Enquirer: 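Sharing a structure, written as structure tokens. Questions coming.
In what follows, every chain begins at residue 1, and chains take the letters A, B, ... in the order their sequences are listed. In this text the structure is predicted, and so the values were computed from the model without any measurement.
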Amino acid sequence: MTVTDTATTGHEAGRVTVLEASSVTMRFGGLTAVDDVSMRVHEGEIVGLIGPNGAGKTTFFNCLTGMYVPTEGTVTLKGAILPPKPLKVVRAGMARTFQNIRLFGNMTALENVMVGRYCRTSSMALTSILRGPKFKREEAATRERAQELLDYVGLGRSTELLARNMPYGDQRRLEIARALATDPQILLLDEPTAGMNPRETEETMGLIFKIREGGLAVVVIEHDMRFIFNLCDRVLCLVRGSLLVEGTPDQVQSDHRVIEAYIGGDDEEESV
Amino acid sequence: MDAFAQQLVNGLTLGSLYALIAVGYTVVYGIIQLINFAHGEIFMIGAFGALSTWLIFFDGNLALWVLPFMILGAILASVTTAVLMERIAYRPLRHAPRLAPLISAIGISIFLQEAVRLFYGSVPFADFPDAKQRVPFPQIEVVTGPAFQLGNVTIQRSALFTIGALIMCAAGLWYFVNLTKTGRAMQAVSQDPDTARLMGINVNRIIVVAFAVGATLAAIAGIAQGLQVTNINFRMGFLAGLKAFTAAVLGGIGNVWGAVVGGLTLGIVEAMAVQFIPGTFGGSPWKDVWAFALLIIVLVFRPQGILGARVVDRA
Amino acid sequence: MSRRILPDSVRATHGPKAPWLALAGGILFLLSGLLSWSYDDRILGDLSIRFYPAGIQLYAMLFGVIGVILAVLLLRRPPWLSPARGLRILGTTGIVFVVWIIASVAYQSGGLINANEGGWVALVGAVLLTLAGHLSPEVDIDVRRWPRLSSTLEIVIIVVLMAILLFTVAYTLDIQDGVIFASFLIALIGLAGGLLGTGFGGYLGFIGANNRRPLLLAAFLVAFLFPFTQDGSDANMSIATQVLIFATTALGLNIVVGLAGLLDLGYIAFLGTGAYVAAMLSSSGFATIGWKPPFVVVMLIGAATAATFGLIIGSPTLRVSGDYLAIVTLGFGEIFRLAMFNLDGNNGPDLTNGPNGIPAIPDLELLGFDFGEVHTVAGIPLGRFSNYYFVLLLLLMFVMLVFTRLNNSRIGRGWVAIREDERAAEAMGVNTFGLKLLAFSVGAFLAGLAGTIKAHQDTSVSPDQYVFLESAFLLSAVVLGGMGTVVGVLVGATILKLLPEKLREVNDYRLLVFGLLLVVMMRFRPEGLVPSKRRQLEFHEEDQELSELLQAEHLQAEHLDPEQLEPEHLQGAK
Ligand SMILES: Nc1ncnc2c1ncn2[C@@H]1O[C@H](COP(=O)(O)OP(=O)(O)OP(=O)(O)O)[C@@H](O)[C@H]1O
Ligand SMILES: [Mg+2]
């Protein structure tokens with residue numbers, strides 16, 4: 001866990017900010033699911049997002065990626081304000097996975113990842129019908145890159161399997177490969193190890209480190225505390241929609257408010 | 001000014017009819033997010049149910065006291081059809097891709113129209129007229145008596161019946177939705193079906209109730225239409241259903257009061273269009289076109305409808 | 001996938017008898033063909049003579065042949081076939097077939113007494129086949145054991161199948177009697193279902209996928225040669241051109257419904273747009289526009305106008321929700337019809353002659369080739385309808401090209417993603433709105449194109465040709481044949497167009513049957529008769545067995561070994 005040691009440094013000022021969320025608030029009728037949350041993610045940083053069930057973590061991701069239009073607040077990627085439109089968010093360079101896996105179940109693993117390449121390719125109707133050299137080149141490149149990504153996440157041999165037939169753990173990795181296919185600068189992972197056995201969890205941690213080494217910033221939601229504290233450079237804890245604590249894993253781990261929130265707020269603290 | 005007042009009355013009458021049908025679209029949509037495409041046919045079946053009741057039990061009798069029985073017969077026919085339809089064509093498809101129930105609904109719609117057209121005239125045990133063409137609808141005395149004159153504005157008695165029916169039904173609906181247990185369960189299901197199920201509400205039953213409520217109102221609309229136009233035919237549900245759907249969208253689909261407001265608005269717009277759009281694009285040949293154009297305009301500028309009911313999709 | 005009607009205990013004790021029951025059933029069917037089915041010799045092509053089988057008796061004997069084949073397969077147990085399923089389909093359809101004929105005999109000759117022994121023997125046979133199907137054990141089809149044939153042999157199989165196809169089509173068109181036609185159709189469904197339902201269909205698909213080009217070539221050759229088999233007669237050619245127009249339009253609709261998953265209920269209006277444009281720009285005396293451009297230009301204008309309407313209708317609704325689209329397109333269909341009905345000069349400008357429409361549209365003339373005249377090629381006269389047939393065949397090929405190429409591309413993948421999970425697709429960077437709009441307008445464009453030819457072929461256009469029921473009719477073809485496949489739509493369109501042509505007696509019940517068909521298909525076989533694998537999976541999300549079977553078929557088609565595909569980290573875990 002040497003990585004954690006080197007990255008948890010206080011001098012953030014010198015580093016490039018990739019993502020900045022300022023005062024994001026999301027209300028559903030009377031319920032404030034996300035309440036004035038701000039977050040800054042730097043290049044090559046792994047940030048953890050924790051909180052009891054219903055704290056608003058997923059909702060916060062939805063606000064970041066434009067799937068919800070936040071009631072208040074703005075999201076900035078590399079200095080440019082992101083419009084709350086999923087399509088534009090992906091094109092700008094932020095990709096995500098889903099807590100409840102949302103793969104295209106009736107497509108093969110390869111096709112799933114190829115869909116991820118959609119926003120980085122450009123063949124339209126006429127090109128596709130005429131099948132000129134440009135089309136063939138782009139199609140081959142898409143296929144090649146998708147296979148590369150499958151190899152990268154360790155699914156190189158599952159290329160032609162239907163996503164719905166794949167084991168749970170593999171489906172989670174496939175979601176990561178699909179997200180990576182959009183060439184993101186920052187990756188949001190919503191409970192990437194939920195339902196995995198310890199060995200798979202370990203592998204996923206390795207994968208996330210590898211992704212960061214490739215220059216991406218990563219934000220991870222997880223309930224598995226050991227996983228979060230070993231993985232992240234910085235951890236944010238949400239409780240009932242508000243940001244309770246932010247700091248290094250050590251700081252957050254020892255913060256009594258966090259412990260209280262988990263013990264007092266919800267009885268199911270480590271859902272698997 | 002007289003023309004305006006006259007069209008207002010006409011529009012309210014027409015709108016009441018649309019509103020009665022539109023409620024059916026909206027309650028079902030609110031609960032299972034299904035556009036019950038065949039709802040127009042439920043309206044048609046209601047009209048034929050009333051006619052059949054009259055032919056079997058009261059043939060030739062036009063006294064007012066017959067009307068409640070006809071309403072009962074209409075409701076019986078509509079509700080039975082709607083409930084069967086839900087059971088046979090929709091329930092098995094509840095977890096299928098969205099396309100499946102829609103296509104099934106179209107099938108049901110065509111089937112019901114054709115069944116009435118082909119077989120109404122040859123039902124055993126009853127002497128029903130052939131329904132391949134329009135069939136005259138019994139003109140109950142008091143309802144079809146001479147029209148009222150308010151200054152230069154003519155108000156048909158059947159129009160009063162239609163508007164009155166809407167008022168009664170709206171009151172009944174309000175009572176049902178807000179003050180009965182089933183009605184409140186229905187609201188709960190439409191807001192959050194999973195939680196409602198956890199709370200012990202029988203969602204299947206609520207869905208059936210929603211279909212039945214919609215069918216009841218549609219049946220009454222069927223009678224209103226029969227009294228007003230003096231005849232009914234197997235195709236009457238198609239256009240009326242389409243218009244009523246437009247009304248439901250206009251009011252915000254899923255919102256019961258929206259359906260009423262949307263229906264009245266559509267009726268008035270249509271009546272005014274007939275009167276006030278100048279030139280060769282005015283007049284009744286184009287009124288349906290304007291109604292559908294309104295639907296498209298609403299979808300562009302205010303897809304949630306006038307009253308707005310749709311919340312954020314769960315992502 | 002298996003429907004278990006009999007309790008397991010019965011299946012266990014009597015299972016071993018199944019092959020013999022099937023054999024007996026098959027032999028009874030064969031025998032019944034040699035017996036008399038009807039006392040009355042004037043009906044149904046004379047079924048009264050013993051040991052001299054006529055049409056319907058021959059169909060019964062075919063049931064027997066397939067029954068015997070399946071019985072033998074039950075005994076031999078090849079690992080890649082499951083005869084049980086085939087037997088159930090064959091037997092059940094057999095019962096329907098026999099009951100239908102006995103009923104027809106009884107009805108036509110005034111009494112059940114006129115139904116002779118043949119039918120009853122066949123009925124026993126059909127029941128035995130069904131019983132055998134339900135008794136015999138289900139085989140888990142192992143597609144890895146598919147026989148590998150030499151490529152020559154594969155091509156021979158394809159050629160033979162094509163020849164059978166051509167023969168069947170020619171035979172079908174020649175049947176004049178409605179009841180015999182219906183019997184043939186039922187028999188065809190039973191026989192094909194009985195054979196292909198064993199899993200043989202998957203294998204044929206595999207062979208076809210191995211030989212795409214020869215297959216396509218053979219299919220088009222067959223289609224191209226068809227007019228030459230008609231001896232200059234226009235009777236069948238007129239039906240054939242109608243089937244082609246219908247199939248082409250339905251295939252365009254299949255892009256919208258089958259590929260993009262959008263329900264378009266006003267599709268006929270786009271066909272109408274093309275037809276009206278062609279009519280208004282034609283040299284008919286009733287045409288309302290003075291400009292007479294060459295037909296190629298007319299085609300483009302017609303298609304472009306339709307596509308523009310598609311964009312106008314699609315852009316607001318596709319943004320909102322798929323369900324709204326269904327209703328709005330329905331409304332648009334009505335607007336189109338009303339507008340065509342109204343635009344007669346009294347209500348709006350005079351463009352369409354109102355309810356009368358535009359009659360007397362002259363035949364097409366392309367590059368000096370007059371479509372109205374008889375041309376003789378290689379000694380065989382080809383009449384007016386044959387001429388249109390060839391153009392329409394070209395158009396169909398074009399639409400097929402557009403369909404398959406779009407489907408197998410970045411765009412096609414985007415459509416699948418939208419069908420699977422629209423919000424997730426968007427979150428992964430798929431331009432969902434753009435792709436839906438594309439499907440919608442390409443569909444409109446192709447329908448408009450077809451419409452311009454239709455106007456000339458019909459020689460007139462009028463509003464009542466473009467009503468909602470026609471759209472529903474097109475939709476039925478897509479649903480019946482198979483969403484998302486070319487072959488499916490061709491099958492669906494052919495069946496739906498031929499049926500009313502041949503069954504004139506029951507033409508009045510046509511729509512009733514279509515309505516019922518839509519409901520029944522959605523309930524029991526939403527993927528259609530010739531489904532696309534992906535669509536089949538989508539409609540059976542819960543069916544794990546099916547997804548594994550199709551998965552295995554897919555791996556076979558890609559020539560991959562499933563054993564090697566297990567992810568390495570799992571092999572330890574198992
Ligand atoms: N579309 C919506 N409409 C209404 N309420 C919503 C919606 N989405 C989320 N909520 C509510 O917002 C709150 C926060 O939910 P969220 O899913 O963000 O929690 P979470 O922190 O991700 O929890 P978990 O750890 O269980 O995944 C919950 O009370 C939830 O019911
Ligand atoms: Mg969550």
Enquirer: Heavy-atom pairs under 4.5 Å with chain C - which of B:Pro92, B:Ala89, B:Gly107 has more of them than the others?
Expert: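 Of B:Pro92, B:Ala89, B:Gly107, B:Gly107 has the most heavy-atom pairs under 4.5 Å with chain C.
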
Enquirer: If you draw the axis of the six-membered ring of C:Phe246, does the NZ or CZ of C:Lys497 fall within 45° of it and under 6.0 Å from the ring centre?
Expert: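 Flagged: C:Lys497 positioned over aromatic ring of C:Phe246.
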
Enquirer: Please walk me through it: do C:Glu538 and C:Glu527 pass side-chain contact (heavy atoms from CB on, under 4.5 Å)?
Expert: CA-CA 9 Å; C:Glu538 283 168 25; C:Glu527 66 268 34; over 6 Å; no

Enquirer: Does the gap between the ring centers of B:Phe234 and B:Tyr120 come in under 6.0 Å?
Expert: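 For B:Phe234 and B:Tyr120, the ring centres are not under 6.0 Å apart.
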
Enquirer: Under 4.5 Å, counting heavy-atom pairs only, tell me which of C:Glu542, C:His540, C:Met521, C:Arg523 racks up the most with chain B.
Expert: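 Looking at each of C:Glu542, C:His540, C:Met521, C:Arg523 in turn, C:Arg523 comes out on top.
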
Enquirer: Tell me, for B:Lys287 versus chain C, whether the close heavy atoms (under 4.5 Å) come from the side chain, the backbone, both or neither.
Expert: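 Looking at B:Lys287, nothing touches chain C.
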
Enquirer: So for C:Leu265, is it side chain, backbone, both, or neither that comes closer than 4.5 Å to the heavy atoms of chain B?
Expert: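 The answer is the side chain of C:Leu265.
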
Enquirer: Using non-hydrogen atoms only, which part of C:Leu475 is less than 4.5 Å away from chain B: side chain, backbone, both, or neither?
Expert: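 Just the side chain, heavy atoms under 4.5 Å.
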
Enquirer: Between B:Tyr18 and B:Thr246, do the side chains contain a donor N or O and an acceptor N or O under 3.5 Å apart?
Expert: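 Checked: B:Thr246/B:Tyr18 side chains show no N/O donor-acceptor pair below 3.5 Å.
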
Enquirer: Between C:Ile313 and chain B, with a heavy-atom cut-off of 4.5 Å, which part of the residue counts as in contact: side chain, backbone, both or neither?
Expert: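 The side chain, not the backbone.
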
Enquirer: Name the region of B:Ala105, side chain, backbone, both or neither, that has any atom closer than 4.5 Å to a heavy atom of chain C.
Expert: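 Neither part.
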
Enquirer: Counting neighbours of CZ on B:Arg235 that are heavy atoms of other residues, nucleotides or ligands and sit closer than 6.0 Å, is the number greater than 12?
Expert: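 Open: at most 12 neighbouring heavy atoms sit under 6.0 Å from CZ of B:Arg235.
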
Enquirer: Chain B: which of C:Val519, C:Leu512, C:Ile312, C:Leu516 shares the most heavy-atom pairs with it under 4.5 Å?
Expert: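 The candidate making the most pairs under 4.5 Å is C:Leu512.
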
Enquirer: Looking at C:Val257, C:Leu338, C:Leu330, which one has more heavy-atom pairs under 4.5 Å with chain B than the rest?
Expert: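 With the most close heavy-atom pairs to chain B, the winner is C:Leu330.
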
Enquirer: Hydrogens and angles aside, do B:Gln113 and B:Glu41 bring a side-chain donor and acceptor to less than 3.5 Å of each other?
Expert: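 A pair is found: one side chain offers a donor N or O, the other an acceptor, under 3.5 Å apart.
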
Enquirer: Could you pull out the closest heavy-atom pair between B:Ile108 and B:Met85, with the gap in Å?
Expert: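 Smallest interatomic distance, heavy atoms only, reads CG2-SD, 3.4 Å.
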
Enquirer: Mind checking whether C:Tyr267 and C:Phe270 have parallel, tilted or perpendicular rings, split at 30° and 60°?
Expert: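 Perpendicular, since the angle between the ring planes exceeds 60°.
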
Enquirer: Is it the side chain or the backbone of C:Phe514 that comes within 4.5 Å of chain B heavy atoms, both, or neither?
Expert: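 Neither part, no heavy atoms under 4.5 Å.
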
Enquirer: Tell me, for C:Phe468 versus chain B, whether the close heavy atoms (under 4.5 Å) come from the side chain, the backbone, both or neither.
Expert: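 Answer is side chain: those atoms of C:Phe468 sit under 4.5 Å from chain B.
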
Enquirer: Return the option, out of B:Ile106, B:Leu112, B:Ile297, B:Leu295, with the maximum number of heavy-atom pairs under 4.5 Å with chain C.
Expert: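 The residue among B:Ile106, B:Leu112, B:Ile297, B:Leu295 with the greatest pair count is B:Ile106.
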
Enquirer: Could you tell me whether B:Tyr90 and B:Phe211 have their ring centroids closer than 6.0 angstrom?
Expert: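 Yes, close enough.
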
Enquirer: Please flag which part of C:Ala424 lies under 4.5 Å from any non-hydrogen atom of chain B: side chain, backbone, both or neither.
Expert: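 For C:Ala424, neither part sits under 4.5 Å from chain B.
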
Enquirer: Considering only heavy atoms, which portion of C:Arg337 lies under 4.5 Å from any heavy atom of chain B: side chain, backbone, both, or neither?
Expert: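 When you check distances to chain B, no heavy atom of C:Arg337 falls under 4.5 Å.
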
